[in-house]
Amino acid sequence: MQKIYTLFIIIFSFASLSLAQTGTLKGTITDAKSKQPLMGVNVIMEDKSGTASDFNGNYELKLKPGTYNVLFRFIGYGDQSKQVTIVENGTQTIDIIMDESQSTLPMMVVSAGKFEQKISDVTVSMQVIKADLVENKNTTSMETVIDQIPGVSVVDNQPSIRGGAGWSYGAGSRVLIMVNDLPMLAADAGDVKWSFLPVENVDQIEVIEGASSALFGSSALNGVINIRTAFPKDTPQTRINVFDGIYDSPGNPQMKWWGPIQPIYAGTNFLHSQKFGQFDLVVGGDIFNDDGYRQGEVEQRYRFDFNTRYRFKNIPGLSVGLNFNTQYSTGGNFLLWQNDSTGALKPYGGIDTVGSSLSNYITKRTYVDPYVTYFDNYGNVHKIKARWFDMVNINDTQQGSVADMYYGEYQFQRQMKKINAIFTAGVSINEQKVTSVLYGNHNGINDAVYAQFDKKFKRLSVSIGVRSESYKIDTAHTFSNEAYKIGHKTDSIPVFFRSGINYQLFKATWLRASYGQGFRYPTIAEKYISSNVGAIYVYPDDSLKPESGWSAEIGLKQGIKISNWLGYFDIAGFWTRYKDMMEFTFGQYGKIIDPAHEYGLGFESLNIGDATISGVDVSIVGQGNIGPVLTKVLAGFTYMNPVDDNTDSLYNERKSPPFSNFLKYRFEYLAKADIEFSYKKASLGFSYRYNSFMKSVDSAFVDAVLGSAFGSVEDWRNKHQTGDFFVDARCSYMVSNTSKIAFIIKNMLNRVAMIRPGDVAPPRSFVLQYTLDF
């Protein structure tokens, strides 16, 4: 009867409390170090009922008179227990100051399950980048710090996790990029605009490695990169970052195209965050100007953003907000070199000719994100999130476009404290509208429903999730496990599934295994693009089908503690299968009698069939004091074997070397490392990135006849078959408590490397950076 009565109290609390004489237990919960309020701390009674702290760290419980033992529990912090006595109609105030637990891994993540949890408890492989690395590396565009993450590569702005993607000429992405849990891929090409992301306001960057479509939808076939921004703390903060950089002459003197004056780049970014009572405000932006190390590839951009949140005082648990970001940029876009020596940093076709591979652009980008969050009295969280992402692209090749994305999502989450579980469910809709000479005018829409259940036992964590999603372009509609169908809407309801387990073997040892299905719809660009840049023609394929697949892994995470240094070692074996994989492929797609179109030769996105990617991922991450020196480490090594399962396919015939089953534009090995030492006011850091030789590319780049049009790519590849590596160095000194000066050398050894055919990496550059933070 007591249990039934307790359950009745929880479900019908307002009605019950109105019939009984009660007292009040309330208080505020804060972090011991930062003094900031902690939201989401569980306040648990002996009968497992309770509540959670709100945005301001406040909690409140109505209790019958008596003496209680109350447990305060929060992930990453040590438990606290208090005995309290409640009297009738009285109020007992208990404020709690919580210390971080240093006996286990302290890093917290959200992306793995859409709720906050320790990284040691997640059932999938994850990597995390903290805000200080973004600043310390002089990150002017987000892809440079993303490329430092173990297991991740960025080839010509296109991200790949564990070899899942190659180079597709800027169209489509198997990695879903998100900002604050909302998608950031363009409506037309489905790619990410890295320079548009707010580098000045990063809390942390979370990377999920492996198929994640069951929770995040299309484009998460290869994984997710979620950039989380920060809210204000109790103390106002202003940060201004100013830097000037200069490019050195290339390691190969023949490549230098400029005169005695070296090209430079400079910029500034700023941030101000402050609480005004119940209103939170973050304002930021950046200005950047780059002369460019490649001829004609200059850039000027201006960006402004703000994040807001209002926490209702009279409605506990309710908050609303609006986030905004806008950018204007101009410049030149370099696609292909002239040759591998004197023209390596010059665009194919020159800078003033009709046949130039250089295009000049003006872009305008804006997103607006309204949202509502409500913590109700029954332990539930309701979230309504929306995004309008508008992109206007104007260029001198008459290939401009206007692309708009409209996204909306409702998410429900319930904490089941009695069984130590969390249930998450939601619905979403994503609409794209594209007006373009390049792609034509098209509308796309996809909608989804998803659910996930996460259960924590004493040592075991279990996660299960499902999702159904459909997509439509114009009059065509397809469901996520169906073939692409023109003018037909199927009635089936496909379900994509993910599951994972994590078992704590010992005090600081965790074993995990996971399986997840994924899918990706073709973007408007992949299906309908009809374009050329210089001699390079790209053809549409309106019969392109969605690709699908699954990913499985087994991993081990071992916590490490050396004196006051805390970290972890992680090793994972992974296996990924793709069906109807989409890849850009060179061939004869136009009319062979048309010499103006190079006799119909060019590139087109094709469904190449099935593919398998397997490998091993190893990483070590941590920070803390070793003696008097604060030491931070982020390092990893990845072995990948990406193969095409159809060795006699047309795709294999049209790549170099022919009939090799190694997928195009992938690496077999990746190695990444970043280490930083800080002592008192000074710090010293180094970054290292290695990729093995890109074994397979389109045959057009190395063909004896066609290859000449692509500037001696074959000669370069024959001379450079050992892979490429880069080393960056940085040092800084705290001039005062509020200001820091830093000196950064990028590509310190001035290595000359071709990341993808016809694209040479930047030469060495020197940067002086000043940061004012008060």
Side-chain angles (χ1 to χ4, degrees), residues 3-4 6-13 29 38-54 59 61 70-79 81 101 104-105 107-124 126 181 206 208 212 214-216 317 373-383 409-427 449-468 495-505 510-516 557:
K3 291 183 178 179
I4 296 174
T6 301
L7 181 62
F8 183 83
I9 291 293
I10 295 172
I11 299 175
F12 302 103
S13 57
I29 307 174
L38 292 175
M39 179 187 72
V41 177
N42 291 317
V43 184
I44 306 170
M45 309 303 295
E46 292 172 282
D47 63 358
K48 302 302 183 182
S49 64
T51 187
S53 57
D54 63 18
Y59 72 95
L61 281 169
V70 184
L71 178 65
F72 297 85
R73 173 172 289 170
F74 193 42
I75 294 176
Y77 290 78
D79 291 353
S81 181
S101 171
T104 58
L105 304 184
M107 193 174 294
M108 309 298 295
V109 295
V110 172
S111 303
K114 291 184 180 285
F115 65 93
E116 192 170 68
Q117 57 187 317
K118 290 187 290 187
I119 194 170
S120 57
D121 289 339
V122 302
T123 61
V124 296
M126 286 194 70
D181 303 318
E206 301 175 357
I208 302 176
S212 305
L215 194 57
F216 295 99
T373 302
Y374 179 57
F375 292 77
D376 67 22
N377 294 323
Y378 305 101
N380 305 317
V381 183
H382 306 266
K383 294 182 180 180
E409 179 180 358
Y410 167 73
Q411 178 185 303
F412 169 84
Q413 190 169 92
R414 179 170 182 81
Q415 291 191 13
M416 305 174 182
K417 295 184 179 65
K418 286 194 174 183
I419 62 172
N420 201 13
I422 294 178
F423 173 73
T424 304
V427 295
V449 56
Y450 63 87
Q452 178 160 307
F453 179 79
D454 294 89
K455 165 70 175 170
K456 175 72 173 175
F457 297 92
K458 185 175 182 180
R459 288 181 173 269
L460 178 68
S461 298
V462 178
S463 179
I464 300 174
V466 294
R467 185 185 186 96
S468 176
V495 173
F496 282 83
F497 175 76
R498 72 175 293 269
S499 62
I501 59 173
N502 183 306
Y503 184 75
Q504 187 176 4
L505 292 171
W510 294 265
L511 179 67
R512 68 179 183 277
S514 65
Y515 169 86
K557 190 181 297 291

Novice: Do the side-chain N and O atoms of S463 and D454 include a donor-acceptor pair separated by under 3.5 angstrom?
Specialist: yes

Novice: Got a donor-acceptor contact below 3.5 angstrom from the R467 side chain to the L215 backbone?
Specialist: yes

Novice: Do Q504 and N502 have a side chain donor and acceptor closer than 3.5 Å?
Specialist: no

Novice: Only counting residues at least two apart or in another chain, list the ones meeting side-chain contact (heavy atoms from CB on, under 4.5 Å) with F412.
Specialist: N380, H382, Y410, R414, F423

Novice: Apply the test side chain to side chain contact (heavy atoms under 4.5 Å, CB included) to residues S514 and R498: give CA-CA distance (whole Å), side-chain angles for both, the deciding distance (0.1 Å), then the verdict.
Specialist: CA-CA 8 Å; S514 65; R498 72 175 293 269; 5.6 Å; no

Novice: Report the distance from atom CD1 of I29 to atom OH of Y59, rounding to the nearest 0.5 Å.
Specialist: 6.0 Å

Novice: V427 and Y450: side chain to side chain contact (heavy atoms under 4.5 Å, CB included), yes or no, with the steps?
Specialist: CA-CA 6 Å; V427 295; Y450 63 87; over 6 Å; no

Novice: Does the side chain of V43 come within less than 4.5 Å of V70's, by heavy atoms?
Specialist: yes

Novice: Under 3.5 Å, is there a donor-acceptor pair between the Y378 and Q415 side chains?
Specialist: no

Novice: Going by atom types only, do Q413 and T424 share a side-chain donor-acceptor pair under 3.5 Å?
Specialist: yes

Novice: Are K417 and N42 close enough, and set up right, to give a side chain to side chain contact (heavy atoms under 4.5 Å, CB included), and what steps lead you there?
Specialist: CA-CA 9 Å; K417 295 184 179 65; N42 291 317; 3.4 Å; yes

Novice: How long is the gap from CG on L511 to OG1 on T123, to the nearest 0.5 Å?
Specialist: 12.0 Å

Novice: Measure the spacing between CZ of F72 and OG of S53 and express it to the nearest 0.5 Å.
Specialist: 10.0 Å

Novice: Looking at OG of S461 and CG of D121, how far apart are the two atoms once the value is rounded to the nearest 0.5 Å?
Specialist: 4.5 Å

Novice: Tell me whether the guanidinium CZ or amine NZ of K455 lies under 6.0 angstrom from the six-membered ring centre of F453 and within 45° of its axis.
Specialist: no

Novice: Is any side-chain heavy atom of Y374 less than 4.5 Å from a side-chain heavy atom of V381?
Specialist: no

